A.B. asks: 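Can you keep this structure in mind? I'll have questions shortly.
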Amino acid sequence: LTHAHSVRGHGLRHPDSRRRGRDSVHLDKLDTDEGIEYLKKALAINPKSSKSLRDICVLYVKKKRWGEALVCIEEAERKDPDNPEIKEVKADVELFKSEFERLSAEEA
């Protein structure tokens, strides 16, 4: 995929999108690698934080690191199984991964 699609409210937006979710400004301003390290430190302090795992997932998606993104969001889902936001992010990650793989295969 040439564009990051929208993970609703989590900083991954199609470039034409003018809407911003509550977390998107924060995640957009972070350098991706720096953000991942920062959030891993936050997770070490509070290992129960499904939000930190969700945010790490979003940053991995921005880097197209699908496997790591899925590991993070699945762990977040185990920590907070009833959170609809986490389920939504997981569904989006799975969709983006399959679309990226499909488009990559078409270009090959």
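Owing to the predicted nature of the structure, the values given are computational and were not obtained by experimental measurement.
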A.B. asks: Please identify each residue that fulfils side chain to side chain donor-acceptor pair (under 3.5 Å) with E74, with sequence neighbours left out.
C.D. replies: none
A.B. asks: Can you name the residues that form a side chain to side chain donor-acceptor pair (under 3.5 Å) with D82, not counting sequence neighbours?
C.D. replies: none
A.B. asks: Nearest 0.5 Å, please: how far is CG in N83 from OG in S50?
C.D. replies: 5.5 Å
A.B. asks: Measuring from L39:CG to E34:CD, what's the distance to the nearest 0.5 Å?
C.D. replies: 10.5 Å
A.B. asks: When you compare the side chain of I36 with that of K63, does any pair of heavy atoms fall below 4.5 Å?
C.D. replies: yes
A.B. asks: Quick check for you: to the nearest 0.5 Å, what is the distance between R54 atom CZ and E88 atom CD?
C.D. replies: 10.5 Å
A.B. asks: Looking at residues at least two apart in the chain, or sitting in another chain, which of them share a side chain to side chain donor-acceptor pair (under 3.5 Å) with E94?
C.D. replies: none
A.B. asks: Within the 4.5 Å heavy-atom criterion, are S52 and N46 side-chain neighbours or not?
C.D. replies: no
A.B. asks: Does a sphere of radius 6.0 Å around NZ in K79 hold more than 12 heavy atoms from other residues, nucleotides or ligands, not counting ones at 6.0 Å or beyond?
C.D. replies: yes
A.B. asks: If you measure from NZ on K51 to CG on D80, what distance do you get to the nearest 0.5 Å?
C.D. replies: 12.5 Å
A.B. asks: With a 4.5 Å limit on heavy-atom distance, are the side chains of L95 and E99 in contact?
C.D. replies: yes
A.B. asks: To the nearest 0.5 angstrom, please state how far the CG atom of D55 sits from the OH atom of Y38.
C.D. replies: 10.0 Å
A.B. asks: State, with a plain yes or no, whether a side-chain heavy atom of F96 is found less than 4.5 Å away from one of W66.
C.D. replies: yes
A.B. asks: Could you tell me the separation between the SG atom of C57 and the CG atom of L70, rounded to the nearest 0.5 Å?
C.D. replies: 7.0 Å
A.B. asks: Is K41 salt-bridged to E37, going by a charged N under 4.0 Å from an acidic O?
C.D. replies: no
A.B. asks: Between K87 (side chain only) and P81 (backbone N and O only), is there a donor and an acceptor less than 3.5 Å apart?
C.D. replies: yes
A.B. asks: Hey, does L53 have a side-chain heavy atom less than 4.5 Å from the side chain of L43?
C.D. replies: yes
